[in-house]
Amino acid sequence: MREIGSRCVRYGELYTRYQNYVVNPVSRIPKDVAATALRIEKGELLLAGSGETAEEIGICVAYIGEELAYAGGDIIVLRATGQDPVHLAHLLNAPVAARQKARMAQGDAVVHIRSDHLAEVECPLPPLPEQQAIAGVLFDMDTEIAALDRRLDKTRALKQGMMQQLLTGSIRLPIPGAVPEDEPGRSGSSSAASSASSHGSVSICATTCAAIR
């Protein structure tokens with residue numbers, strides 16, 4: 001099904017969905033809303049203009065998508081000409097910049113920061129080729145982390161399904177040295193053991209009670 005509307009980065013998503021950069025924003029807004037919204041282009045930096053604490057104010061996400069998108073309310077948009085946006089976003093989220101933004105923040109219950117204050121943040125900037133190399137390494141590491149996260153989610157889902165089948169007896173595991181249930185000539189004691197194992201909850205309860213007595 002075709003998605004309707006224009007891509008949009010919402011204020012809350014800077015904290016909850018994206019980390020350091022975004023390629024394809026997931027949110028959409030209708031065309032009439034986009035007509036009055038702040039548009040963002042590839043290479044621009046999106047910073048949260050407000051937050052709950054001074055320590056998290058001004059969190060930064062670089063937009064590196066090709067498609068035209070729009071910024072939600074309370075987002076400050078900056079463009080750093082001649083700098084790598086992914087490197088700069090990581091740098092602006094690093095402690096060296098976060099401490100400066102915290103000092104510039106204003107407010108108590110809700111903390112705010114202005115764009116002119118953000119323009120005063122000072123950070124060491126290497127030459128552009130080095131910035132691009134750093135950004136490439138960080139991007140590759142994020143790609144690897146994302147792949148590991150997907151594998152972890154699949155493994156958890158597999159464990160959940162297997163656990164359900166094992167605990168309900170849908171799947172029986174082979175036990176080394178055990179006599180198969182369908183083997184001819186099983187002794188009565190073996191049959192009794194088989195009967196007891198098929199009523200594991202009763203046997204466990206009885207054993208537990210005997211141990212307590």
Side-chain angles (χ1 to χ4, degrees), residues 1-30 46 48 50-53 55-57 59-67 69-72 74-75 86 89-90 93-95 98 134-184 186-213:
M1 184 177 67
R2 183 176 179 271
E3 293 179 309
I4 305 299
S6 302
R7 293 189 182 275
C8 171
V9 178
R10 302 183 188 277
Y11 158 77
E13 293 172 337
L14 299 182
Y15 291 100
T16 61
R17 182 177 291 273
Y18 307 122
Q19 290 186 348
N20 299 304
Y21 56 86
V22 53
V23 181
N24 297 309
V26 297
S27 295
R28 300 269 178 167
I29 54 175
L46 315 179
S50 62
E52 295 182 356
T53 67
E55 289 73 23
E56 66 180 3
I57 193 66
I59 191 169
C60 181
V61 172
Y63 178 57
I64 56 175
E66 298 292 341
E67 187 176 344
Y70 296 87
D74 220 3
I75 292 180
V86 174
H90 279 88
N93 290 330
I134 293 172
V137 170
L138 296 175
F139 188 88
D140 289 344
M141 293 179 70
D142 284 338
T143 302
E144 181 66 21
I145 290 172
L148 291 172
D149 285 340
R150 288 192 297 270
R151 180 179 176 185
L152 180 60
D153 290 340
K154 290 180 180 178
T155 303
R156 282 176 172 159
L158 179 62
K159 178 197 171 184
Q160 189 67 27
M162 181 62 70
M163 183 173 66
Q164 180 69 15
Q165 291 180 313
L166 289 171
L167 296 180
T168 58
S170 299
I171 294 180
R172 305 299 295 272
L173 296 180
I175 302 175
V179 180
E181 294 183 2
D182 57 350
E183 183 176 324
R186 288 170 55 89
S187 64
S189 60
S190 297
S191 298
S194 175
S195 176
S197 64
S198 66
H199 300 81
S201 59
V202 176
S203 299
I204 293 172
C205 180
T207 304
T208 304
C209 291
I212 293 175
R213 290 197 293 268

Spacing of CG belonging to Leu152 relative to CD1 belonging to Ile145, to within rounding of 0.5 Å: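 Here the interatomic distance stands at 12.5 Å.
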
Within this structure, what is the CG-CZ distance for the pair Asp153 and Arg151, rounded to the nearest 0.5 Å?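 Reported to 0.5 Å precision, the distance equals 12.5 Å.
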
My understanding is that only residues two or more places apart in sequence, or in another chain, count here; which of them pass side-chain hydrogen bond (donor to acceptor under 3.5 Å, both in side chains) with [X]?
{"X": "Asn20", "result": "His90, Asn93"}
{"X": "Thr155", "result": "none"}
{"X": "Tyr11", "result": "Ser50"}

Can you establish whether the number of heavy atoms outside Glu56 located under 6.0 Å from its atom CD is more than 12?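 Result for CD/Glu56: enclosed.
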
More than 12 heavy atoms of other residues, nucleotides or ligands under 6.0 Å from CE of Met163: is that the case?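 Yes, CE of Met163 has more than 12 neighbouring heavy atoms, counting only those of other groups under 6.0 Å.
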
Start with the C-alpha distance between Ile64 and Val86, add both sets of side-chain angles, then the distance that settles side-chain contact (heavy atoms from CB on, under 4.5 Å), and finish with yes or no. CA-CA 8 Å; Ile64 56 175; Val86 174; 3.9 Å; yes

Holding to side-chain contact (heavy atoms from CB on, under 4.5 Å), I want the full list of residues that pass it with [X], two or more places apart in sequence or in another chain.
{"X": "Thr16", "answer": "none"}
{"X": "Ser6", "answer": "Ile29, Ala34, Tyr70"}
{"X": "Glu13", "answer": "Val9, Arg10, Arg17, Tyr18, Val26, Ser27"}
{"X": "Gln165", "answer": "Met162, Ser170, Ile171"}

For residues 138-160, pull every pair meeting ring-ring contact (aromatic ring centres under 6.0 Å, His included), keeping only residues two or more places apart or in separate chains.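 Non-adjacent pairs meeting ring-ring contact (aromatic ring centres under 6.0 Å, His included): Tyr21-Phe139.
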
Listed partners of Glu67 passing salt bridge (Lys or Arg N to Asp or Glu O under 4.0 Å), at least two apart: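 By the salt bridge (Lys or Arg N to Asp or Glu O under 4.0 Å) rule, Glu67 matches Arg7.
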
Taking salt bridge (Lys or Arg N to Asp or Glu O under 4.0 Å) as the definition, give me every residue that meets it alongside Glu144, ordered by chain and number, with sequence neighbours left out.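 With sequence neighbours excluded, Glu144 shows a salt bridge (Lys or Arg N to Asp or Glu O under 4.0 Å) to no residue whatsoever.
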
State, to 0.1 Å, how close Gly72 and Cys8 come at their nearest heavy-atom pair, and which atoms those are.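 Nearest heavy atoms, Gly72 then Cys8: N-SG, 4.1 Å.
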
